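Some notes on the structure that comes next.
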Amino acid sequence: MDPSQHDGNGASEALPPPPPVPPNVTPTKIVTEPEAKKVSRVPMARRGLGTKGNKVPIVTNHFKVNVNNVDGHFFHYSVALFYEDGRPVDGKGVGRKVLDRVRDTYDTELAGKEFAYDGEKSLFTVGSLPRNKLEFTVVLEDVTSNRNNGNCSPGGQGSPNESDKKRQRRPYHSKTFKVEISFAAKIPMQAIANALRGHETENSQEAFRVLDIILRQNAAKQGCLLVRQSFFHNDPKTFTDVGGGVLGCRGFHSSFRTTQSGLSLNIDVSTTMIIQPGPVADFLIANQNVRDPFSLDWAKAKRTLKNLRITTSPSNQEFKITGLSEKPCREQLFTLKQRNKEGDGEMIEVTVYDYFVKHRNIDLRYSADLPCINVGKPKRPTYFPVELCSLVSLQRYTKALSTFQRSSLVEKSRQKPQERMSVLSNALKINNYDAEPMLRSCGVSINSSFTQVEGRVLQPPKLKVANGEDLFTRNGRWNFNHKKFVNACKVERWAVVNFSARCDVRGLIRDLMKVGESKGIVVEEPFDVFEENQQHRRAPPMVRVEKMFDEVQSKLPGPPKFLLCLLPERKNCDLYGPWKRKNLSDFGVVTQCLAPMRVNDQYLTNLLLKINAKLGGLNSMLAGEISPSIPMVSKLPTLILGMDVSHGSPGQSDIPSIAAVVSSRQWPSISRYRACVRTQSPKMEMIDSLYKRVSDTEDDGIMRELLVDFYVSSGKRKPDQIIIFRDGVSESQFNQVLNIELDQIIEACKFLDEKWSPKFVVIVAQKNHHTKFFLPNSPDNVQPGTIIDNKVCHPRNYDFYLCAHAGMIGTTRPTHYHVLLDEIGFSPDDLQELVHSLSYVYQRSTTAISVVAPICYAHLAATQLGQWMKFEDASETSSSHNGTAPAGAPAVPPMPKLQESVRNSMFFC
């Protein structure tokens with residue numbers, strides 16, 4: 001249809017008129033979707049401050065900021081960059097160089113104004129530029145990337161010899177850029193003051209973005225690597241080797257925050273992963289853990305090296321690696337233009353090796369039989385021998401770290417509170433923000449002392465064990481010496497399987513029975529010990545697990561209730577995922593794995609904490625659960641949920657994300673939980689399967705499963721109150737949690753019973769923020785139970801920080817809780833007490849933990865089932881699987897279902 005026939009509403013003029021309305025009918029108005037939409041929820045305002053607990057003075061890594069220029073305006077301009085021929089510039093990293101050149105060359109046309117540039121498409125000034133649209137042309141000599149030119153001084157010892165200079169002319173030409181700067185918006189600085197009074201608007205968010213961009217630009221000028229709001233200097237003193245050719249690089253996070261006491265600058269120590277700079281061969285040897293370059297797996301090396309930046313000697317030019325040569329250096333040919341005496345060029349074929357050794361007189365020690373590094377275009381390769389290539393410093397490593405790398409990183413990067421404080425004070429001096437011209441033109445000045453706040457230390461909740469005995473906690477910790485578990489299960493109809501772990505299995509069983517008895521657990525004699533057949537030791541993990549199961553099934557009289565599994569190595573044993581999946585998904589058997597390295601009574605007690613919880617027991621519980629006295633929760637049936645989504649590492653974009661929801665059961669208990677885990681599209685943060693209507697009578701969502709279990713396990717009572725703890729969402733996603741996820745949960749409730757409307761509380765927990773707390777003049781961490789809800793908290797919203805756990809090593813990381821909704825009507829003290837109590841019901845340890853147990857359990861369940869998915873057969877996960885994928889996106893493989901017999905257990909413990 002011709003678009004010109006449409007009128008303004010998009011309706012076509014060619015339609016016939018509507019039929020006449022019969023006389024006895026009143027037309028009903030059809031409500032279109034947007035009108036039918038409910039009012040969207042926003043995070044609630046603070047209800048007041050808590051008062052319980054002993055008051056303690058605390059300092060925090062927020063530095064007070066004064067803004068004097070409140071009447072001014074930020075002007076936002078959009079920046080467009082083009083090459084000479086009019087093609088838009090797509091590569092990152094060149095923008096800052098171009099705009100620096102614009103600033104130097106056209107200072108008068110810019111009226112001498114300072115600007116803040118984000119490196120991409122936005123530029124900000126204080127006050128306007130002379131015109132709304134400006135166009136400039138600049139020339140840059142050598143365009144490679146945005147960061148330091150290797151380690152050589154320009155024109156210094158790295159300068160090429162004459163013959164190199166001739167060769168350089170071709171690839172080393174200057175480039176001309178056109179820059180268009182056009183007015184986009186005007187942002188009043190008054191918006192900053194409004195936000196501090198609790199009125200956040202688009203303008204205030206933009207104004208803070210400008211301030212943060214100024215900090216980033218300041219770091220970029222110093223040649224730092226920028227990762228969101230963190231900055232990393234090229235200083236080898238801040239690098240620590242974590243193995244595998246990966247270094248931890250220590251830098252700083254700094255960002256502006258609105259708080260109750262005004263604007264503050266939050267500065268913290270931050271660590272990112274970078275590739276080991278220096279010779280490419282050294283990096284690959286470390287990365288693949290081999291002895292020399294001749295043992296390298298080059299197919300793997302090619303994947304690792306792609307897109308990394310190198311400098312080549314002797315010219316010290318910088319390039320990006322595009323691939324490797326097909327053949328080794330001494331066989332790889334290319335065409336060289338040879339000048340003869342008459343000055344005409346003739347083309348000759350020459351190997352890369354001969355070219356560098358004979359034509360360039362460069363000595364090559366080990367590259368002859370290795371592939372060359374290609375830095376050219378697909379149609380026009382450019383090869384360099386490996387030993388002439390060095391990796392540029394400060395290149396991020398984005399793949400997931402191995403278990404060993406991670407533990408090495410944690411060990412090397414932790415800092416005691418006092419050390420961290422002095423590093424941060426120093427950072428403020430180094431950055432010298434007071435001299436930053438853009439901050440000065442905003443009238444921003446930053447106080448150099450840590451902000452003081454008042455904390456309160458809450459009393460720990462009372463815990464009970466068997467026979468009504470009290471469990472005494474000290475400093476957030478306790479033990480089970482001379483105590484029995486409050487609800488001990490029986491380990492019966494069980495067996496041991498040993499995957500070639502070297503240990504005295506009989507002795508282990510004997511000790512387990514003895515320690516079990518002292519904790520009130522009856523451990524019967526196992527039916528048998530199944531040793532792995534030595535022929536299967538070298539088989540793939542899935543096969544080893546299958547073979548072991550065949551053996552177990554053939555020998556046991558009936559299905560076991562419990563299997564204890566001995567694994568040959570700690571941490572990342574590749575048998576773990578397939579073994580768990582086989583037990584829980586195929587057979588419905590509870591299982592406990594261990595790698596018997598240093599097994600003593602303490603170890604076995606910890607093992608029994610897990611076994612007891614998995615088999616349906618409880619180790620300790622809150623006194624307030626036994627004689628129900630938890631404010632609000634004990635009065636009416638209350639369901640507690642913990643929700644989390646875990647994603648693959650930044651380097652893996654195709655691994656499905658895993659959503660886990662754990663729910664409390666057997667009200668009035670708040671110590672027993674079950675989990676429901678599903679896969680969803682990669683990197684999707686909102687949980688999409690809470691409510692999944694399949695037909696008019698069927699909902700296949702997560703919530704229905706949890707609600708039905710609560711009803712059955714809590715004496716046929718529906719929950720009147722549902723308290724949701726949500727992990728891992730940022731402030732920008734709070735509205736989605738309140739409107740998308742909560743709506744799905746309400747739909748699931750209505751689908752079960754139209755007339756039922758429970759009351760909700762929604763609380764988000766955040767661990768990866770940068771606020772830290774310190775005790776003034778003390779080397780210790782803050783005490784467990786420390787809560788802060790003033791001064792550095794939000795000017796309007798209902799948030800608080802809680803350190804429930806004892807920080808044993810490094811600096812305690814507080815959990816930041818945001819109460820987005822409270823329909824139940826908790827007082828601040830009661831709600832903070834509930835959150836504190838939920839840090840004491842974690843069955844796997846004898847300590848208070850740093851975030852409420854339901855969230856920890858959701859992490860555990862997601863991680864464990866993520867291990868199952870790792871070993872999914874490639875053909876299963878291909879896009880043909882479960883057929884219904886949106887066009888273009890591969891379908892997400894569904895999570896295997898748990899067997900009925902273990903579905904309600906704490907299998908994740």
Side-chain angles (χ1 to χ4, degrees), residues 489-501 505 508-509 512 523-524 526-533 536 539-596 607-617 658 660 662 673-677 679 843-844 857 860-873 876 894-909:
C489 64
K490 192 173 184 183
V491 181
E492 54 186 353
R493 299 212 342 244
W494 70 290
V496 181
V497 303
N498 181 11
F499 283 102
S500 309
V505 183
L508 178 73
I509 295 165
L512 190 68
V523 182
E524 294 189 345
F527 176 82
D528 203 349
V529 175
F530 296 93
E531 295 281 354
E532 182 174 35
N533 181 331
H536 303 149
M542 306 273 261
V543 175
R544 293 174 70 180
V545 167
E546 290 288 343
K547 296 283 187 205
M548 183 63 89
F549 251 91
D550 295 345
E551 172 93 351
V552 171
Q553 278 182 294
S554 66
K555 299 266 176 68
L556 288 184
K561 273 194 174 172
F562 173 68
L563 287 174
L564 186 68
C565 169
L566 308 184
L567 295 174
E569 66 254 14
R570 270 185 68 215
K571 295 292 187 207
N572 47 358
C573 179
D574 53 7
L575 288 161
Y576 181 85
W579 172 256
K580 286 285 181 189
R581 177 173 174 171
K582 195 83 186 149
N583 278 272
L584 296 170
S585 181
D586 299 357
F587 287 94
V589 176
V590 175
T591 164
Q592 175 62 51
C593 295
L594 76 152
L607 197 70
L608 284 161
L609 292 174
K610 287 155 64 73
I611 293 172
N612 191 40
K614 286 176 182 180
L615 289 172
I658 295 176
V662 306
Y673 293 85
R674 66 166 333 259
C676 183
V677 186
T679 49
Q843 297 298 311
R844 285 166 44 120
Y857 289 149
L860 288 172
T863 308
Q864 184 172 130
L865 273 74
Q867 297 272 346
W868 297 10
M869 300 302 285
K870 251 196 206 159
F871 297 94
E872 277 275 60
D873 182 45
E876 276 185 59
M895 184 61 77
K897 284 242 188 309
L898 291 162
Q899 283 289 330
E900 205 71 51
S901 54
V902 291
R903 201 167 289 170
N904 296 330
S905 75
M906 290 179 53
F907 68 86
F908 42 80
C909 245

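Everything quoted here is computed from the prediction, not taken from an experiment.
Side chain of Arg544 to main chain of Ala539: no donor-acceptor pair is present (N/O by atom type, distance under 3.5 Å, no hydrogens or angles). No donor-acceptor pair under 3.5 Å is formed between the side chain of Ser585 and the backbone N or O of Pro896. A donor-acceptor distance shorter than 3.5 angstrom exists from the side chain of Asn612 to the backbone of Cys489, with no hydrogens or angles considered.
The two residues Ala660 and Ala861 come nearest to each other via the heavy atoms CB-CB, 4.4 Å. In terms of heavy-atom proximity, Met906 sits nearest to Tyr673 at CG-O, 3.0 Å. The minimum heavy-atom distance between Ala675 and Val662, with the atom names listed, is CB-CG1, 3.7 Å. Annotation for Pro541 and Pro578: closest pair CB-CG, 4.2 Å, computed over non-hydrogen atoms. Taking each heavy atom of Ala613 and Cys909 in turn, the nearest pair found is CB-SG, 3.8 Å. Cys593 and Leu567 get closest at one heavy-atom pair: CB-CD1, 3.9 Å.
Side-chain contact between Leu865 and Thr679 is absent, with no heavy-atom pair separated by less than 4.5 Å. No side-chain heavy atom of Ser905 sits under 4.5 Å from any side-chain heavy atom of Lys614. Between Trp494 and Pro560, the closest side-chain pair of non-hydrogen atoms is not below 4.5 Å. With contacts defined as side-chain heavy-atom distances shorter than 4.5 Å, the pair Leu512/Leu564 qualifies. Side-chain contact between Phe527 and Pro557 is present, with at least one heavy-atom pair separated by less than 4.5 Å.
Judged by distance alone, the side chains of Gln867 and Lys580 never bring a donor and an acceptor atom under 3.5 Å apart.
Taken to the nearest 0.5 Å, the CE atom of Met548 stands 7.5 Å off from the CD atom of Glu531. Taken from CG in Leu594 to SG in Cys565, the straight-line distance is 8.0 Å, to the nearest 0.5 Å. Atom-to-atom distance recorded for Lys582:NZ and Leu575:CG is 13.5 Å, nearest 0.5 angstrom. One finds the CD atom of Gln592 at 9.5 Å from the CG atom of Leu615 (value rounded to the nearest 0.5 Å). Once rounded to the nearest 0.5 Å, the distance linking NZ of Lys490 with CD of Glu524 reads 4.5 Å. Note: Thr591 OG1 to Leu584 CG = 7.5 Å, rounded to the nearest 0.5 Å.
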Practice problem: Evaluate side-chain contact (heavy atoms from CB on, under 4.5 Å) for Val523 paired with Phe562, printing each intermediate quantity in order. | Solution: CA-CA 11 Å; Val523 182; Phe562 173 68; over 6 Å; no
Exercise. Could you give me the CA-CA distance, side-chain angles and deciding distance for Arg844 and Leu860, then say whether side-chain contact (heavy atoms from CB on, under 4.5 Å) is met?
Key: CA-CA 11 Å; Arg844 285 166 44 120; Leu860 288 172; 3.5 Å; yes
Quiz prompt | Working for side-chain contact (heavy atoms from CB on, under 4.5 Å), residues Arg581 and Val545 | solution = CA-CA 10 Å; Arg581 177 173 174 171; Val545 167; over 6 Å; no
Practice problem: Just do the side-chain contact (heavy atoms from CB on, under 4.5 Å) check on Leu563 and Phe549 with the steps written out, would you? | Solution: CA-CA 11 Å; Leu563 287 174; Phe549 251 91; 4.2 Å; yes
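Ring pair Trp579/Phe499 is perpendicular by interplanar angle, where above 60° counts as perpendicular and below 30° as parallel.
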